[in-house]
**Q** 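If you scroll down you'll find the structure; I have some questions about it.
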Amino acid sequence: NKVHVMQEVEDKIIEALKELERWESRKEKVKVRLENDSADPSEMERIEEQISHYQSLLQDMKRKMSSTDVSRTIARSGNQ
């Protein structure tokens, strides 16, 4: 059932978008701490790896969906 499959892919995309947002906000916090010398540079590397991972994951998922499905999903996630 195509609708059910799309729903699952949508949910995964929304989950990945949320994770990506979390990592990006964490990156901002660590950036500030790095400027104050209170963070480990390796922490920033790990965060960059996570962000990169979620960005490529999202690209793969988006390729599997049609563009109308993608825009509907983005609207659903509240991430315009």
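The model shown is predicted, which means the values in this text are computed figures rather than measured ones.
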**Q** Output the distance between atom CD (Q55) and atom CG (L17), rounded to the nearest 0.5 Å.
**A** 10.5 Å
**Q** Output the distance between atom CD1 (I47) and atom CD (E45), rounded to the nearest 0.5 Å.
**A** 10.5 Å
**Q** Give me the atom names and distance for the closest heavy-atom approach of L58 to A16.
**A** CD2-CB, 3.7 Å
**Q** Residues in side chain to side chain donor-acceptor pair (under 3.5 Å) with E8, at least two apart?
**A** H4
**Q** I need the D60 CG to K12 NZ distance, nearest 0.5 Å.
**A** 12.5 Å
**Q** In Å, rounded to the nearest 0.5 Å, how long is the span from OG of S52 to CG of L20?
**A** 10.0 Å
**Q** Among all residues two or more places apart in sequence or in another chain, which pass the side chain to side chain donor-acceptor pair (under 3.5 Å) test with S42?
**A** D40
**Q** Measure the spacing between OH of Y54 and CD of E15 and express it to the nearest 0.5 Å.
**A** 8.5 Å
**Q** Regarding E28 and K31, does a basic nitrogen lie under 4.0 Å from an acidic carboxylate oxygen?
**A** yes
**Q** Check E49, E48, R46, H53 against W23 for a side-chain contact (heavy atoms from CB on, under 4.5 Å) and give me the one that passes.
**A** R46
**Q** Output the distance between atom CZ (R33) and atom CD (E43), rounded to the nearest 0.5 Å.
**A** 4.5 Å
**Q** Determine the minimum heavy-atom distance between V9 and M61, stating which atoms define it.
**A** CG1-O, 4.4 Å
